[in-house]
Protein chains: 2
Amino acid sequence: MSNPLDQVFSALADPTRRAILAMLLEDDMAVTDVADPFPMSLAAISKHLSVLAEAGLITQERRGRVKWCKLEPDALRTASVWMQGFGQFGPVDLDGLERFLAAELHGPDLPDPPASFSV
Amino acid sequence: MSNPLDQVFSALADPTRRAILAMLLEDDMAVTDVADPFPMSLAAISKHLSVLAEAGLITQERRGRVKWCKLEPDALRTASVWMQGFGQFGPVDLDGLERFLAAELHGPDLPDPPASFSV
DNA sequence: CATATCGTCAACCATCCGGTTGAATATGGC
DNA sequence: GCCATATTCAACCGGATGGTTGACGATATG
């Protein structure tokens, strides 16, 4: 699965990983802190972070004994460009955003992380 | 996996399915014709089409004994909106497009479908 | 009616995925 | 040196995925 689009899309296909990205949008975080709001083991989150890192969606820098995770939003660009081949999804489609949030918010499953960001 | 973002992203995570979408961008097609360029069974393609349909990325309409597959690019909008939360990937990022195509074209694996569209 | 075409269904298989647990490997602080 | 903290590793498990094959139900066509 070396294809970068494969990696990016399949990384994004998991709600836990999308939630992690949303958290990192607010600030860089240590692995332990990323794991905190999730109802699963630290090892599981560590694996999720590896997937995100291999897709290029985050980078991880070890400083001391803590490993800092940093969002790399540029990695979304290839995927975004690919999708744009199917129509123009302008950056400010507020209509679509509204419908999307409406559909999503009384939605599922996930824990409770940072709020304000849809998973 | 009822979450629509889960469905869309994981549908997009497979290169065969992305290739199918690219083919349907040019024209509606019957299942058999979709399957033609791929080195796998008709049943396999039929399953891929089901995945795409459940994600809302295509619709299928049976007319006579042939089932026509039609692209539904609107389904990409929720995913696109989600990604836009991470930065502004405007609809015309030609710089990114160029890098992306360069990286992709001497790329992988897939059969030979319609060309002109990166998988 | 007989036959060919279109597409799905069902069973099966190998592999991947998301999770667990427990042990192991740093590194930091006292 | 000793203990706690931060993170990964390794083995395991159940369920999803992507593919195969063969049989089947519809729909055209001669």
Side-chain angles (χ1 to χ4, degrees), chain A residues 1-3 5-21 23-24 28-55 57-70 108-111 113 119, chain B residues 1-3 5-21 23-24 28-55 57-70 108-111 113 119:
Chain A
M1 207 223 295
S2 56
N3 189 319
L5 280 176
D6 287 17
Q7 289 183 265
V8 169
F9 280 130
S10 81
L12 294 180
D14 185 281
T16 301
R17 288 193 289 263
R18 289 198 305 276
I20 291 174
L21 292 179
M23 293 164 66
L24 293 178
D28 298 1
M29 297 178 78
V31 174
T32 308
D33 297 327
V34 170
D36 205 47
F38 293 96
M40 67 184 73
S41 70
L42 183 61
I45 297 294
S46 181
K47 283 194 206 174
H48 280 303
L49 289 169
S50 297
V51 172
L52 291 170
E54 286 193 17
L57 290 162
I58 66 169
T59 51
Q60 298 181 284
E61 181 198 356
R62 170 152 242 137
R63 207 147 56 210
R65 74 179 153 180
V66 20
K67 200 172 191 177
W68 292 92
C69 306
K70 181 181 188 315
D109 20 19
L110 254 251
V119 183
Chain B
M1 205 223 297
S2 56
N3 189 319
L5 280 177
D6 288 17
Q7 289 183 266
V8 169
F9 280 130
S10 81
L12 295 179
D14 185 283
T16 300
R17 288 193 288 263
R18 289 198 305 276
I20 291 174
L21 292 179
M23 293 165 66
L24 292 178
D28 298 0
M29 297 179 78
V31 175
T32 308
D33 297 327
V34 170
D36 205 47
F38 293 96
M40 67 184 74
S41 71
L42 182 61
I45 296 294
S46 180
K47 283 194 204 174
H48 279 303
L49 289 169
S50 297
V51 172
L52 290 170
E54 286 192 17
L57 290 162
I58 67 169
T59 51
Q60 298 180 284
E61 180 197 357
R62 168 154 242 135
R63 208 145 57 210
R65 76 179 152 180
V66 21
K67 199 173 192 176
W68 292 91
C69 306
K70 181 181 189 312
D109 20 22
L110 256 248
V119 182

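Throughout, a chain's letter reflects where its sequence line sits, starting with A, and its residues are numbered from 1.
- Rounded to whole angstrom, the span from the CZ atom of B:F38 across to the P atom of D:dT20 amounts to 12 Å.
- Looking at the side chain of A:D14, the nearest of the listed nucleotides C:dG18, D:dA6, D:dG19 is C:dG18.
- Put simply, CZ on B:R17 is 9 Å from P on D:dT17, counting in whole angstrom units.
- Distance alone, capped at 3.5 Å, places no donor-acceptor pair between the B:E54 side chain and the B:Q7 backbone.
- With rounding to the nearest 0.5 angstrom, the OG atom of A:S10 is 10.5 Å from the CG atom of A:L5.
- Between C:dT8 and B:K67, a contact under 4.0 Å exists linking OP1 or OP2 to a side-chain N or O.
- If you take CG on A:D36 and CE on A:M23, they are separated by 8.0 Å, rounding to the nearest 0.5 Å.
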message = Using a 4.0 Å heavy-atom cut-off to protein, can you give one letter per nucleotide of nucleotides 22-30 of chain D, 5' to 3': B if the base is in contact, S if only the sugar-phosphate is, - if neither?
response = -----BS--
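- Taking CD of B:Q60 as the reference point, atom CH2 of B:W68 lies at 12.5 Å (rounded to 0.5 Å).
- Look at CD on B:E54: it is 12 Å from P on D:dG18, rounded to the nearest Å.
- Between the P atom of C:dC16 and the CD atom of A:Q7 lies a distance of 14 Å, rounded to the nearest Å.
- Going from atom CZ of A:R18 over to atom C1' of C:dG18 covers 15 Å, rounded to whole Å.
- For B:V31, counting side-chain heavy atoms from C-beta on, the closest listed nucleotide (D:dG19, C:dG7, D:dT7) is C:dG7.
- Spacing between atom CH2 of A:W68 and atom C1' of D:dT5 amounts to 14 Å, rounded to whole angstrom units.
- Contact annotation: B:S41 does not reach the phosphate of D:dG19 (side-chain N/O to OP1 or OP2, under 4.0 Å).
- With the nearest nucleotide of DNA chain D identified for both B:M40 and A:Q60, A:Q60 has the one nearer the 5' end.
- Exactly one of B:L52, B:L57, B:I58 qualifies for a side-chain contact (heavy atoms from CB on, under 4.5 Å) with B:L24. That residue is B:I58.
- Nearer to the 5' terminus of DNA chain C, by closest-nucleotide assignment, is the contact made by B:I45 (compared with the other of B:I45 and A:V51).
- Minimum heavy-atom separation, A:L12 to A:L21: CD2-CD1, 3.6 Å.
- Between the CD1 atom of A:I20 and the C1' atom of D:dT7 there is a distance of 14 Å, given to the nearest Å.
- For A:R62, the side chain to side chain donor-acceptor pair (under 3.5 Å) test picks out no residue, with sequence neighbours left out.
- Atom NZ of B:K47 and atom P of C:dC9 are 11 Å apart (whole Å).
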